[in-house]
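We use all heavy atoms of the structure for the numbers below, so side chains are in, but hydrogens, waters and symmetry mates are not.
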Amino acid sequence: MGYTNGGFDQLQNATPFLDALAADGIKLAKYYSQQLCTPARAALLSGYYPIHTGMQHDVIQPESVWGMPTDYMLLPSFLKKVGKYETFAIGKWHLGHYKSEYLPYNRGFDEFYGYLSDQLWYYSHKSPHACAHSTCFYDMRHNGVHAVDSIGVYSTFLLSDQFDSIINRTSRTADPTFVYLSWQNVHAPLDPPPRKYFTAADIALLDSVEDPYRRTFAAITIILDNAMRAAVGTLQSYGLYDNVVLVVASDNGGCSSSGGYNHPLRGGKQYLYEGGIHVNAFVHSPLIPLARRGGYYEGLFHVSDWVPTIVTGALNTRPELLPADLDGIDQWNALLRANDEEMRDYPRTEILHNIDIWSLAHVGANLSLLSTPIQAIRVGDMKLVMGQDASSYFEPVFSTCPEGLGYCSPSYENIEDCAYGYDNVTYLFNITHDPSEAKNLASLRPDIVQHLLERLQTFRDSMVDSVYA
């Protein structure tokens with residue numbers, strides 16, 4: 001979901017509940033994820049930059065034989081070290097399934113209900129990327145077996161029901177609970193439910209959206225908002241809401257060819273420009289002091305920061321419980337500062353967005369080495385981007401789908417890959433003054449370019465080989 005897809009553009013009425021949660025929480029103004037699903041989830045659950053776990057290149061497909069290396073402990077395992085947490089994963093996994101040791105219930109989660117690969121149809125739960133003739137791979141699972149009772153049930157409703165079941169069971173125990181709820185919405189393929197699931201106001205909003213792709217995107221965004229309303233309602237009904245911390249975040253920017261919207265940010269999913277990595281996130285909890293709710297946190301925040309922010313920050317445990325070389329930074333106390341205007345120094349001053357030396361194009365069975373790595377880093381206000389073309393301002397691409405035919409699927413190549421060209425030009429932007437990355441300052445400030453290149457080289461020296469295979 002793009003930065004302007006969550007209540008800040010023409011779909012602002014599509015997410016009233018999420019907007020209300022954010023308004024009563026802390027919005028992260030400078031929150032950065034990764035450019036693609038797999039590296040984003042690897043960073044989220046490990047606390048490392050993808051270059052330090054080998055997850056920096058591409059995404060896991062249904063036929064992929066690689067996954068998140070098992071020598072890295074993930075967030076649920078850390079929580080079990082802290083206390084007797086019951087840990088659950090619901091929804092999209094996307095960190096490996098070829099070997100049993102890659103699976104979520106072997107990576108610290110007590111229970112898993114969801115799908116393992118990159119995407120699937122919302123009703124049939126089959127992967128459009130894994131078909132032999134007319135037979136497609138079915139991918140909705142409850143731990144190690146197919147969730148056969150899920151066929152024909154909309155996936156968002158399935159995940160909501162599973163969340164309700166888990167909260168029902170855990171509400172009767174004294175042990176704390178961690179739920180990683182990774183919704184399918186609003187990932188392609190865009191597959192909305194019938195209109196009977198929408199209110200009159202919802203339908204009026206949908207009818208006001210001219211483009212069919214954007215309208216379909218709006219529909220599954222509304223369903224997501226309703227699902228979050230149901231999840232919070234479940235917590236309230238079991239008397240757990242007052243002791244809950246909710247972290248809500250997107251994993252990467254939107255794809256314009258499937259209704260995504262990142263404008264005025266440059267680029268989208270797959271890009272290291274702002275449109276691909278600067279996304280919406282907020283923290284909501286009745287435990288947050290009233291004086292701190294309703295505002296913004298202006299410090300840089302990377303997806304890898306959640307592991308230390310939750311484990312050593314929110315849970316107030318010893319930093320020694322986590323690996324000393326984590327890239328993530330504990331930002332919990334900074335988040336809870338009563339007045340950001342009093343803050344002079346935020347915990348994070350730089351973000352390595354990624355370094356990838358390999359092309360997505362193959363030469364035979366082999367990857368090809370890029371002449372200029374796809375890499376980006378931000379230090380303070382300044383950001384260096386190399387290896388990708390200076391993409392356009394990805395406003396929604398209007399479809400050619402004729403009206404009256406119902407849903408018309410865009411091409412998967414445009415949806416999933418958000419295909420881009422490679423580029424050997426060096427780009428330098430002042431993100432604070434130029435968040436749209438419109439003015440390249442590289443020729444004007446070669447000193448800053450050199451400094452950021454040196455920082456990139458430092459990270460390159462510590463980078464591990466990609467596990468992509």
Would you check if there is a donor-acceptor pair between the side chains of [Y] and [X] at a distance under 3.5 Å?
{"X": "Thr234", "Y": "Asp164", "answer": "yes"}
{"X": "Asp139", "Y": "Ser117", "answer": "yes"}
{"X": "Arg107", "Y": "Thr70", "answer": "no"}
{"X": "Tyr32", "Y": "Glu274", "answer": "yes"}
{"X": "Ser64", "Y": "Tyr98", "answer": "no"}

Subject >> Option from Asp325, Asp327, Leu326 for which side chain to side chain contact (heavy atoms under 4.5 Å, CB included) with His52 holds >> reply: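 Among Asp325, Asp327, Leu326, the one that satisfies the side chain to side chain contact (heavy atoms under 4.5 Å, CB included) with His52 is Asp327.
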
Worksheet item: Are Lys92 and Asp118 close enough, and set up right, to give a salt bridge (Lys or Arg N to Asp or Glu O under 4.0 Å), and what steps lead you there?
Response: CA-CA 8 Å; Lys92 182 174 178 176; Asp118 58 333; over 6 Å; no

Taking [X] for its side chain and [Y] for its backbone only, find out whether a donor-acceptor pair lies under 3.5 Å.
{"X": "Asp381", "Y": "Thr432", "answer": "no"}
{"X": "Asn262", "Y": "Gly254", "answer": "yes"}
{"X": "Ser285", "Y": "Leu287", "answer": "yes"}
{"X": "Ser77", "Y": "Met73", "answer": "no"}
{"X": "Arg266", "Y": "Gly275", "answer": "no"}
{"X": "Thr38", "Y": "His94", "answer": "yes"}
{"X": "Asp175", "Y": "Glu86", "answer": "no"}
{"X": "Tyr48", "Y": "Gly328", "answer": "no"}
{"X": "Thr309", "Y": "Ile329", "answer": "yes"}
{"X": "Gln270", "Y": "Asp58", "answer": "no"}

Is the [X] to [Y] ring centre distance short of 6.0 Å?
{"X": "Tyr31", "Y": "His278", "result": "no"}
{"X": "Tyr49", "Y": "Phe459", "result": "yes"}
{"X": "Tyr113", "Y": "His142", "result": "yes"}
{"X": "Tyr154", "Y": "Phe157", "result": "yes"}
{"X": "Phe301", "Y": "Trp306", "result": "yes"}

Do [X] and [Y] come close enough that some side-chain heavy atom pair is under 4.5 Å?
{"X": "Leu384", "Y": "Leu453", "value": "yes"}
{"X": "His284", "Y": "Asp24", "value": "yes"}
{"X": "Met382", "Y": "Val379", "value": "no"}
{"X": "Leu315", "Y": "Tyr85", "value": "yes"}
{"X": "Asp330", "Y": "Asp305", "value": "no"}
{"X": "Leu444", "Y": "Leu441", "value": "yes"}
{"X": "Ile277", "Y": "Tyr273", "value": "no"}
{"X": "Val245", "Y": "Trp332", "value": "yes"}

For [X] and [Y], which heavy atoms make the closest approach, and how far apart are they?
{"X": "His97", "Y": "Leu116", "result": "CB-CD1, 3.7 Å"}
{"X": "Met68", "Y": "Ala42", "result": "SD-CB, 3.7 Å"}
{"X": "Ser171", "Y": "Leu240", "result": "CB-CD1, 4.1 Å"}
{"X": "Ala188", "Y": "Gln119", "result": "O-CB, 3.3 Å"}
{"X": "Gly253", "Y": "Lys269", "result": "O-CB, 3.2 Å"}
{"X": "His57", "Y": "Ser466", "result": "CB-OG, 3.6 Å"}

In this structure, CD of Gln35 is separated from CG of Asn354 (nearest 0.5 Å) by 4.5 Å

Point-to-point distance, once rounded to the nearest 0.5 Å, from CG of Leu235 to CG of Asn243:
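Rounded to the nearest 0.5 Å, the CG-CG separation comes out at 11.0 Å.
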
- Query: Has Asp465 got more than 12 heavy atoms of other residues, nucleotides or ligands less than 6.0 Å from its CG?
  - Reply: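 Counting other residues, nucleotides and ligands, CG of Asp465 stays at 12 neighbours or fewer.
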
Notebook entry, point to check: When you look at Val59 and Gln61, which way does the side chain to side chain contact (heavy atoms under 4.5 Å, CB included) test go after all the steps?
Noted result: CA-CA 6 Å; Val59 298; Gln61 301 287 355; 3.7 Å; yes

Task: side chain to side chain contact (heavy atoms under 4.5 Å, CB included) between Met228 and Trp183, intermediate numbers included - done: CA-CA 10 Å; Met228 282 298 300; Trp183 297 106; 3.4 Å; yes

Check: Going through the checks in order, is the side chain to side chain contact (heavy atoms under 4.5 Å, CB included) test met by Leu120 and His129?
Finding: CA-CA 8 Å; Leu120 67 166; His129 283 172; over 6 Å; no

Basic-acidic side-chain contact under 4.0 Å: Glu111, Arg169
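Looking at Arg169 together with Glu111, the answer is yes, because their closest N to O distance falls below 4.0 Å.
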
| said: Any salt bridge linking Glu350 with Arg378? Criterion: basic side-chain nitrogen under 4.0 Å from a carboxylate oxygen. | reply: no

When you look at Tyr346 and Tyr297, which way does the side chain to side chain contact (heavy atoms under 4.5 Å, CB included) test go after all the steps?
CA-CA 10 Å; Tyr346 291 102; Tyr297 178 66; 3.5 Å; yes

Do the ring planes of Phe429 and Tyr427 sit parallel (below 30°), tilted (30 to 60°) or perpendicular (above 60°)? parallel

